[in-house]
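Only one structure is covered here, and it is reproduced in the block below.
Predicted model, so just to flag it, every value in this text is computed and none were measured. Side chains are part of it too, since the values below use all heavy atoms of this structure and drop only hydrogens, waters and symmetry mates.
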Amino acid sequence: MVYSYFPGCTLKNKARDLDEYGRRSAEALGATLEEIPEWQCCGGVYPLSHDEIAIKLSSVRALADAQKKDQALVTVCSACHNVIKQVNNDMATDEYIATRANNYLKADGIEYHGETKVIHYLELLRDEIGFDQVKAAVKNPLKGKKIGAYYGCLLLRPSNVMAMDNAENPTIIEDLISALGADAVSYAQRNECCGGYLTLEDKSIPEKRVAAILADAKHAGAEMLVTACPLCYYNLKKHAEGTGIEIVYFTEVLAEALGVKEAGKEDA
């Protein structure tokens with residue numbers, strides 16, 4: 001199985017190890033992630049202005065490249081996934097946006113109308129590979145670890161477009177945690193905002209939000225939280241010191257369980 005792959009800026013810079021964990025794990029599970037050549041930043045936030053076309057063009061270019069190869073487009077970062085999937089929906093359903101975006105890209109020989117299937121890496125594991133196959137490939141079960149899922153805002157919302165899971169009661173990360181052999185811990189604030197986008201405006205907001213999330217998770221018995229958003233990962237980790245809860249990106253626990261976490265070091 002070969003997929004087009006959009007890693008995003010964070011996983012190609014500050015979090016290169018999380019990108020490598022995802023690539024190695026995919027290969028171990030029989031999936032190949034082909035990085036889109038010369039991809040550009042998705043913008044990090046979906047533009048709400050209806051006539052803001054230019055900022056969507058990088059996503060359209062990536063989507064068109066995947067379409068040309070007849071491949072689904074896989075993302076690992078929930079922010080990138082949110083932007084690209086919403087832009088894809090625009091190109092398929094909004095004639096105003098699609099026409100203007102294609103007018104911009106005509107000189108490059110690109111015409112695109114939302115044909116590419118966009119899936120998050122978690123959906124690759126659940127729907128393309130299957131959690132039963134993931135479980136069968138586990139070499140180092142995370143037995144005895146009590147792990148909570150942290151979804152945040154962007155992975156599931158807007159629910160009518162993202163359509164990955166139930167936005168109010170998701171299970172996809174918990175099901176992955178169980179497949180890796182750990183005990184999945186459910187808690188009330190797992191899909192509430194961590195306040196990461198407000199850090200530069202008012203640091204007290206993310207501090208309060210993260211404190212509430214961690215306290216809730218700890219009360220439920222979690223020793224570790226797993227997230228699929230680099231910004232959530234940074235924000236939670238920054239404020240988790242002294243709480244007794246470890247913050248980990250989902251590709252890291254996946255690579256650990258599959259026995260490929262240290263593959264790069266061994267091959268060097």
Side-chain angles (χ1 to χ4, degrees), residues 1-8 10-12 15-39 62-78 80-82 84-85 88 115-143 145 147 149 151 155-156 162-165 170-184 226-230 233 248-268:
M1 297 185 290
V2 181
Y3 300 86
S4 288
Y5 175 51
F6 187 95
T10 302
L11 271 72
K12 291 295 287 186
R16 287 191 294 270
D17 54 339
L18 307 182
D19 171 58
E20 283 300 317
Y21 295 148
R23 293 173 189 262
R24 294 176 204 158
S25 296
E27 289 292 340
L29 293 167
T32 298
L33 303 180
E34 288 188 349
E35 185 173 335
I36 292 173
E38 299 181 356
W39 58 267
L63 290 161
D65 187 86
Q67 180 205 17
K68 185 177 180 180
K69 298 172 183 174
D70 195 26
Q71 296 174 350
L73 176 57
V74 174
T75 60
V76 176
C77 166
S78 62
C80 295
H81 181 68
N82 186 280
I84 293 174
K85 193 158 188 180
N88 197 47
E115 297 89 347
T116 297
K117 181 180 180 181
V118 181
I119 57 176
H120 191 275
Y121 195 109
L122 289 166
E123 293 176 290
L124 171 70
L125 296 174
R126 182 189 65 189
D127 303 332
E128 303 284 315
I129 296 170
F131 283 143
D132 287 342
Q133 292 300 315
V134 174
K135 183 177 181 179
V138 168
K139 295 182 178 180
N140 304 316
L142 307 181
K143 189 175 181 180
K145 291 190 176 183
I147 305 177
Y151 290 89
L155 192 63
L156 305 172
M162 306 314 291
M164 177 190 296
D165 208 339
T171 63
I172 190 169
I173 299 181
E174 284 89 351
D175 291 341
L176 172 62
I177 291 168
S178 297
L180 301 183
D183 297 325
V226 168
T227 185
C229 172
Y233 172 72
V248 183
Y249 206 66
F250 81 98
T251 57
E252 182 174 3
V253 292
L254 176 63
E256 179 182 344
L258 294 178
V260 299
K261 184 177 178 180
E262 303 300 325
K265 294 180 181 179
E266 293 172 358
D267 294 341

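- What you find for A149 and I177 is that their closest heavy atoms are N-CD1, 4.1 Å.
- For the pair D65 and P37, the minimum side-chain heavy-atom distance is below 4.5 Å.
- Residue L18 holds its CG atom at 5.5 Å from CG of L11, rounded to the nearest 0.5 Å.
- Atoms OG and CG, on S178 and D183 in that order, are 8.0 Å from each other to the nearest 0.5 Å.
- Side-chain contact between Y151 and I172: present, with at least one pair of heavy atoms (C-beta onward) separated by less than 4.5 Å.
- A 6.0 Å sphere centred on NZ of K68 holds no more than 12 heavy atoms belonging to other residues, nucleotides or ligands.
- Considering only heavy atoms from C-beta on, L155 comes within 4.5 Å of M164 through its side chain.
- The shortest distance between side-chain heavy atoms of V134 and L254 falls below 4.5 Å.
- Between the CD1 atom of I173 and the OG1 atom of T227 there is a distance of 6.5 Å, given to the nearest 0.5 Å.
- Using a 4.5 Å heavy-atom cutoff, the side chains of D19 and V76 are not in contact.
- Within the 4.5 Å cutoff, the side chain of Y233 has no heavy atoms near those of the T10 side chain.
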### Message
Test side-chain contact (heavy atoms from CB on, under 4.5 Å) on I129 and M1; report intermediate values, then the result.
### Response
CA-CA 9 Å; I129 296 170; M1 297 185 290; 3.7 Å; yes
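- Between C77 and P230, the shortest heavy-atom distance links the atoms SG-CD, 3.5 Å.
- Side-chain contact between Q67 and T116 is present, with heavy atoms from C-beta onward closer than 4.5 Å.
- Taking 4.5 Å as the limit, every side-chain heavy atom of E256 sits out of range of all side-chain heavy atoms of L180.
- Listed by first and then second residue, the salt bridge (Lys or Arg N to Asp or Glu O under 4.0 Å) pairs that reach into residues 117-134 are K117-E128, sequence neighbours excluded.
- To the nearest 0.5 angstrom, L73 atom CG is 12.0 Å from Y3 atom OH.
- When all heavy atoms are compared, the tightest approach of A62 to I36 is O-CD1, 3.6 Å.
- The ring-ring contact (aromatic ring centres under 6.0 Å, His included) check on F6 picks up W39, with sequence neighbours excluded.
- Scanning both residues, V138 and A179, for their nearest heavy atoms gives CG2-O, 3.7 Å.
- In this structure, CD1 on I84 lies 9.0 Å from CG on N88, to the nearest 0.5 angstrom.
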### Query
Please walk me through it: do L176 and V253 pass side-chain contact (heavy atoms from CB on, under 4.5 Å)?
CA-CA 10 Å; L176 172 62; V253 292; 5.6 Å; no
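- For F250, the ring-ring contact (aromatic ring centres under 6.0 Å, His included) partners two or more places apart in sequence, or in a different chain, are H120, Y121.
- For the residue pair Y5 / Q71, no side-chain donor-acceptor distance below 3.5 Å is found, with atom types taken as modelled.
- A pairwise comparison of heavy atoms in L258 and K139 identifies O-CD, 3.6 Å as the closest pair.
- Scanning both residues, H81 and I119, for their nearest heavy atoms gives CE1-C, 3.6 Å.
- When the shell of 6.0 Å around NZ of K143 is examined, it contains 12 or fewer heavy atoms from other residues, nucleotides or ligands.
- To the nearest 0.5 Å, the span separating CD on E262 from CZ on R24 amounts to 7.5 Å.
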